[in-house]
Number of protein chains: 2
Amino acid sequence: MELSIRYRMEMPPRQRLSREAWAEAGLRALTAGGVAAVAVEPLAAALGTTKGSFYWHFSDREELVRAALELWELEQTSAVIDELSTLEEPRERLRVLLTLVLTHRDGPDPVAQLFRDIAHPEVAAAVRRVTSRRIDFVAGELESTGMPRAEARRRAAVAVAAYVGWWQLNAVLPEDAPVGRDARQHAKVLWLVCEAALT
Amino acid sequence: MELSIRYRMEMPPRQRLSREAWAEAGLRALTAGGVAAVAVEPLAAALGTTKGSFYWHFSDREELVRAALELWELEQTSAVIDELSTLEEPRERLRVLLTLVLTHRDGPDPVAQLFRDIAHPEVAAAVRRVTSRRIDFVAGELESTGMPRAEARRRAAVAVAAYVGWWQLNAVLPEDAPVGRDARQHAKVLWLVCEAALT
DNA sequence: TGCTTTCCGTACGGCGGCGTATGGAGCTGT
DNA sequence: ACAGCTCCATACGCCGCCGTACGGAAAGCA
């Protein structure tokens, strides 16, 4: 057994990590670099610890991926709920929502980021749950404005698709697909999908 | 030097591979599994050869990725041109195009597949070129129908975003985001983005 | 102060992929 | 038939990551 480097270097004893700390680090890596970035050894180095810590809290790498996805789903749903809790009117709150999601954001939507690893079964299941709930919500709002059920669901799907694709475009052509303040006019276009009558 | 397994097994002498064969195999892997799937040794195994062949035609793995992307851009542009060569009227051919891209396809659009590796600089550049040309085309068609330049570009961006996102959704929720014959009604919704007047 | 439980550090073996070195096969021309 | 050129097979060394084994530090408790 070699001497501890930390001891020889007189480094302060770092604090011990919880399972949650690992899960949060995994989520950060997941949304930043995809499933491939959820790697034990690089994460350990980033956290200033070693694999020994990780394998105490988790059985294997897949368990960390699952924990990160669960964390993401929790934050994701609560974030959406918070965003909508201030709105009340059925029709106008949908319109505001469409504007909000494009203009009042700093980073890319994690869902759009996760589509890159859609081949991973756990990721696919999580994305499926969150995305279908979004479509359900938009379709429900449209129905409550008097739109027929089937048409409402189709429009909701297109609107969510446009939203997802918007972040993809933003990553590669931010001039054509801006987010934030510059996206106000684009949000109006997106609103057409929900509001305009079919000819 | 060991004896050649092929000789011992009396296998027929396989034919020699060209650089183009490698590039096509790379493109297939790229659109199927992303940049990570463009791996020399697995591809060599799939082609029934070894790395020796690869490194004769290419200097390294990155060169294969570039070759696959170039091949894709060539096929992609010619495919689009072929799709449009049968149409002539400025406004109606845009409408037909929007329907076409959702209904007359069997596999997912490679562009949507490539968005997963948008962090890769070569991929980003290729996707940027193809995507901006698509937006240019749609925006040009809209302008030729009398729509103001800025509004045309915004709508084109939203339409292309919806198209890109559609394939993402299709991968995870094919019920809500169908392609082929079942997408006719959805194509009409997409058409709203181009045609409807802003309120 | 010792003892136990909790947590982490380190070394190790393994695997898969990259790129290199080198020795050929197999065709081509003379 | 022989030389030369094109193309491929095999063996290596390397690196990054996974998961395990095991020992030891820290923290709580007696």
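Hydrogens, waters and symmetry mates are skipped; everything else that's a heavy atom, side chains included, is used. Each chain gets a letter, A, B and so on, in the order the sequences are listed, and its residues count up from 1.
Applying the salt bridge (Lys or Arg N to Asp or Glu O under 4.0 Å) test to pairs two or more places apart or on separate chains, those with a residue in residues 171-186 of chain A are A:Asp176-B:Arg153. Every pair passing ring-ring contact (aromatic ring centres under 6.0 Å, His included) that includes a residue from residues 168-189 of chain A is listed here, sequence neighbours excluded: A:Trp166-A:His186. For residues 139-148 of chain A, the set of pairs meeting the side chain to side chain donor-acceptor pair (under 3.5 Å) definition, not counting sequence neighbours, comprises A:Arg93-A:Glu141, A:Glu143-A:Arg149.
For B:Leu17, the listed nucleotide lying nearest its side chain is D:dC8; candidates were D:dA9, D:dC8, C:dC18. Candidate nucleotides C:dG17, D:dT10, C:dT10 were compared by shortest atom distance to the side chain of B:Thr50, and D:dT10 ranks first. Of the candidate nucleotides C:dG26, D:dC17, C:dG9, D:dC17 has the atom lying nearest to any side-chain atom of A:Pro42.
Of the possible donor and acceptor atoms, one in the side chain of B:Thr99 sits under 3.5 Å from a partner among the backbone N and O of B:Arg95. Side-chain atoms of B:Thr131 come within 3.5 Å of backbone atoms of B:Val127 as a donor-acceptor pair (strictly under, hydrogens ignored).
Sorted by residue number, the members of residues 52-67 of chain B with any non-hydrogen atom under 4.0 Å from DNA chain C read B:Tyr55, B:Asp60, B:Arg61. Applying a 4.0 Å cut-off to non-hydrogen atoms, none of the residues of residues 26-33 of chain B approaches DNA chain D.
Ion pair B:Glu151/B:Arg155 flagged as a salt bridge, since at least one NZ, NE, NH1 or NH2 atom sits closer than 4.0 Å to an Asp/Glu carboxylate oxygen. Under 4.0 Å is where a charged nitrogen must lie from a carboxylate oxygen, and between A:Glu24 and A:Arg19 no such pair does.
Partners of A:Phe54 by ring-ring contact (aromatic ring centres under 6.0 Å, His included), not counting sequence neighbours, listed by chain and number: A:Trp22, A:Phe58.
A:Tyr163 pairs in a side chain to side chain contact (heavy atoms under 4.5 Å, CB included) with only one of the listed residues (A:Val101, A:Leu98, A:Val158, A:Val138), which is A:Val101.
Put simply, CH2 on A:Trp22 is 13 Å from C1' on C:dC7, counting in whole angstrom units. Rounded to whole angstrom, the span from the CG atom of B:Leu47 across to the C1' atom of D:dC7 amounts to 15 Å. When rounded to the nearest whole Å, the span between CZ of A:Arg16 and C1' of D:dG28 equals 10 Å. Remark: P of C:dG16 and CG of B:Leu43 are 16 Å apart, rounded to the nearest angstrom. Rounding to whole angstrom units, CD of residue A:Glu41 and P of C:dA11 are separated by 13 Å.
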